[in-house]
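Before I ask anything, here is the structure I am working with.
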Amino acid sequence: MAVDLHTHSSASDGTDSPTELITKAAAIGLTAVALTDHDTTQGIPEAQRAAAEHRIDLVPGTELSVEWPTGKMHMLVLFLEPGPGPLQDRLVELRRGRHARNETIVARLSDLGYPLTLEDVLDQAAGESVGRPHIADALIEKGHFTSRRQVFDELLRDGGPAYVELTRLGAFDVIDLARRSDALTSVAHPYTIGLSRTEYAEAFERLADAGLSAIESHHTEQSPELRDHLARIADDLGLLT
């Protein structure tokens with residue numbers, strides 16, 4: 001049974017529409033897919049229709065960048081249905097924060113010698129969740145760069161010349177809001193938090209006590225050693241992987 005519980009579509013920073021994403025998932029033999037676009041569930045209805053056609057189980061969800069004492073953490077929220085709800089309603093506020101951040105980044109880029117408008121950025125986005133990848137695409141379209149990686153390395157990386165912090169919810173707040181929305185939470189690609197082996201165990205113990213459901217231990221950019229370590233932590237805490 002092959003599944004992928006962390007995917008993005010053009011509703012946020014993915015390259016494929018929800019229909020194209022599900023079609024590709026079916027072509028490689030996946031039996032279940034979670035659509036977890038950043039700060040939005042906009043693509044879920046389209047993905048559900050495509051999943052029904054291809055007989056794939058579709059898990060509705062989203063991915064959030066959350067506050068953590070050692071820096072930002074990414075958290076997947078799974079089984080989050082579109083529509084009103086405790087967490088769903090907060091997604092609207094988060095997208096407003098993204099819009100304000102984009103305006104500030106665009107102004108900063110102009111000061112740095114890369115004239116750009118917010119309309120240029122919006123032209124690169126197919127959905128309502130617009131972020132740094134779309135800004136990078138707009139700079140590429142203007143001929144300033146040749147790849148997203150180059151833009152991030154030179155300008156938009158965390159702490160880069162044009163980087164602006166994003167409005168975030170706290171990790172424990174997201175866990176609480178997700179539970180009240182009948183959804184589950186999983187820490188995404190924990191390697192990006194950059195903790196030691198001991199610190200991982202301590203962090204996940206705190207999160208598990210707050211109601212965390214799972215750890216994304218088997219991410220492609222995590223070493224086999226880290227995958228095994230995270231899986232052992234999950235097993236000790238009774239978390240899913």
Side-chain angles (χ1 to χ4, degrees), residues 5-8 11-13 34-42 44 59-101 128-129 131-132 158-159 163-219 221-222 226-227 229-241:
L5 298 179
H6 184 171
T7 73
H8 299 294
S12 63
D13 60 346
L35 180 57
T36 53
D37 280 311
H38 294 279
D39 298 342
T40 183
T41 58
Q42 181 187 25
I44 298 299
V59 178
T62 190
E63 181 178 4
L64 304 176
S65 179
V66 303
E67 290 291 349
W68 184 250
T70 58
K72 68 180 179 182
M73 171 190 292
H74 282 212
M75 191 169 287
L76 301 173
V77 183
L78 304 175
F79 301 100
L80 183 73
E81 295 291 343
L87 181 56
Q88 294 92 329
D89 295 343
R90 297 298 292 273
L91 296 182
V92 178
E93 299 175 22
L94 294 176
R95 291 194 297 273
R96 290 195 189 109
R98 278 183 175 273
H99 183 80
R101 179 203 204 193
E128 61 187 3
S129 184
R132 286 183 292 171
D158 289 11
Y163 179 75
V164 176
E165 278 290 341
L166 186 66
T167 301
R168 299 183 179 91
L169 297 172
F172 298 113
D173 293 329
V174 170
I175 292 172
D176 177 62
L177 287 165
R179 292 181 69 180
R180 292 196 282 120
S181 304
D182 298 321
L184 304 180
T185 46
S186 174
V187 173
H189 41 68
Y191 81 95
T192 59
I193 312 171
L195 303 179
S196 68
R197 294 173 68 88
T198 301
E199 289 169 337
Y200 275 123
E202 293 171 348
F204 283 116
E205 184 174 5
R206 292 180 60 195
L207 291 163
D209 287 344
L212 182 76
S213 303
I215 301 173
E216 187 180 47
S217 59
H218 293 69
H219 190 278
E221 295 186 34
Q222 289 172 175
L226 180 56
R227 295 184 196 185
H229 181 56
L230 293 172
R232 284 193 295 272
I233 291 173
D235 187 56
D236 290 342
L237 296 173
L239 299 175
L240 301 170
T241 55

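All values below come from the heavy atoms of this structure, side chains included, with hydrogens, waters and symmetry mates left out. The structure displayed is predicted, hence computed values, not measured ones.
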Exercise for the section: Start with the C-alpha gap between Leu5 and Leu76, add the side-chain angles, then the distance that decides, and say whether side-chain contact (heavy atoms from CB on, under 4.5 Å) holds. Expected result: CA-CA 9 Å; Leu5 298 179; Leu76 301 173; 5.6 Å; no
Exercise for the section: Kindly compute the distance separating CZ (Arg232) from CG (Asp236), expressed to the nearest 0.5 Å. Expected result: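 Answer for the CZ-CG pair, Arg232 versus Asp236, is 9.0 Å.
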Handout entry: Closest non-hydrogen atom pair between Leu239 and Ala208, with its separation
Key =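 What the structure gives for the nearest pair is CD2-CB, 4.0 Å.
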Handout entry: Shortest non-hydrogen contact between Val59 and Phe79, atoms and distance
Key = CG1-N, 3.6 Å
Practice task
Could you grab the distance from atom CZ of Arg132 to atom CZ of Arg98, nearest 0.5 Å is fine?
Solution key: 8.5 Å
Exercise for the section: Under the salt bridge (Lys or Arg N to Asp or Glu O under 4.0 Å) rule, collect the residues that match up with Asp13, sequence neighbours excluded. Expected result: none
Practice task
Evaluate the side-chain proximity of Gln42 to Ser129: yes if any heavy-atom separation is below 4.5 Å, no if none is.
Solution key: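 They are not in contact (no side-chain heavy atoms under 4.5 Å apart), so the answer is no.
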Exercise for the section: Go through Arg180 and Asp176 one step at a time and tell me if the salt bridge (charged side-chain N to carboxylate O under 4.0 Å, His left out) criterion holds. Expected result: CA-CA 6 Å; Arg180 292 196 282 120; Asp176 177 62; 3.2 Å; yes
Exercise for the section: Look only at the side chain of Gln222 and the backbone of Ser217, and say whether a donor-acceptor pair between them is shorter than 3.5 Å. Expected result: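 Confirmed, Gln222 side chain pairs with Ser217 backbone.
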Fill in the blank from the handout: On a heavy-atom basis, the closest approach of Ser181 and Leu177 is OG-O, 2.8 Å
Problem - Check against salt bridge (charged side-chain N to carboxylate O under 4.0 Å, His left out), Arg90 and Glu93 - result: CA-CA 5 Å; Arg90 297 298 292 273; Glu93 299 175 22; 3.3 Å; yes
Practice task
With rounding to the nearest 0.5 Å, note down the distance linking CZ in Arg101 to CD in Glu165.
Solution key: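 It is 7.0 Å, given to the nearest 0.5 Å.
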Exercise for the section: Using a 4.5 Å cut-off on heavy atoms from C-beta on, say whether the side chain of Ile175 contacts that of Arg179. Expected result: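 When only atoms from C-beta onward are counted, Ile175 and Arg179 do touch, with a gap below 4.5 Å.
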Handout entry: Approximate separation, where rounding is to 0.5 Å, of Ser196 OG and His229 NE2
Key =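 So the OG of Ser196 and the NE2 of His229 are separated by 7.5 Å.
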Practice task
Kindly say whether Gly97 contributes a backbone atom to a donor-acceptor pair with the side chain of Thr167 at under 3.5 angstrom?
Solution key: no
Problem - Student check: side-chain heavy atoms of Leu91 and Leu80 closer than 4.5 Å - result: yes
Problem - Rounded distance [0.5 Å steps], CG in Leu226 versus NE2 in His218 - result: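 Interatomic distance, Leu226 CG to His218 NE2, rounded to 0.5 Å: 10.5 Å.
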Practice task
Only counting residues at least two apart or in another chain, list the ones meeting side chain to side chain donor-acceptor pair (under 3.5 Å) with Glu202.
Solution key: none
Practice task
Would you indicate whether the side-chain heavy atoms of Pro190 and Ile215 approach each other to under 4.5 Å?
Solution key: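 Yes, side chains in contact.
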Handout entry: Spacing of Arg197 atom CZ and Leu195 atom CG [to the nearest 0.5 Å]
Key =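 CG of Leu195 is found 12.5 Å from CZ of Arg197.
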Problem - Sub-4.5 Å side-chain heavy-atom contact between Tyr191 and Leu230 - result: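 Of all side-chain heavy-atom pairs linking Leu230 with Tyr191, none is under 4.5 Å.
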Practice task
Decide yes or no for Asp182 and Glu81: does some side-chain heavy atom of the first lie under 4.5 Å from some side-chain heavy atom of the second?
Solution key: no
Problem - Side chain Ser213, main chain Ser186, donor-acceptor under 3.5 Å - result: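 No.
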Handout entry: side-chain contact (heavy atoms from CB on, under 4.5 Å) between Ile193 and Val187, intermediate numbers included
Key = CA-CA 10 Å; Ile193 312 171; Val187 173; 4.1 Å; yes
Sequence neighbours left out, cut at 3.5 Å: what donor-acceptor pairs do the side chains of residues 61-73 make with other protein atoms?
from  : atom 1 : to     : atom 2 : distance (Å)
Thr62 : OG1    : Asp37  : O      : 2.7
Thr62 : OG1    : Asp39  : N      : 3.2
Thr62 : OG1    : Thr40  : N      : 3.3
Glu63 : OE1    : His6   : NE2    : 3.0
Glu63 : OE1    : His8   : NE2    : 2.9
Glu63 : OE2    : His74  : ND1    : 2.8
Glu63 : OE2    : His189 : NE2    : 3.4
Ser65 : OG     : Arg168 : NE     : 2.6
Lys72 : NZ     : Asp158 : OD1    : 3.2
Lys72 : NZ     : Asp158 : OD2    : 2.9

Practice task
Examine distances only and state if a side-chain atom of Thr185 and a backbone atom of Val77 form a donor-acceptor pair shorter than 3.5 Å.
Solution key: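 The answer is no, because no donor-acceptor pair under 3.5 Å joins these two groups.
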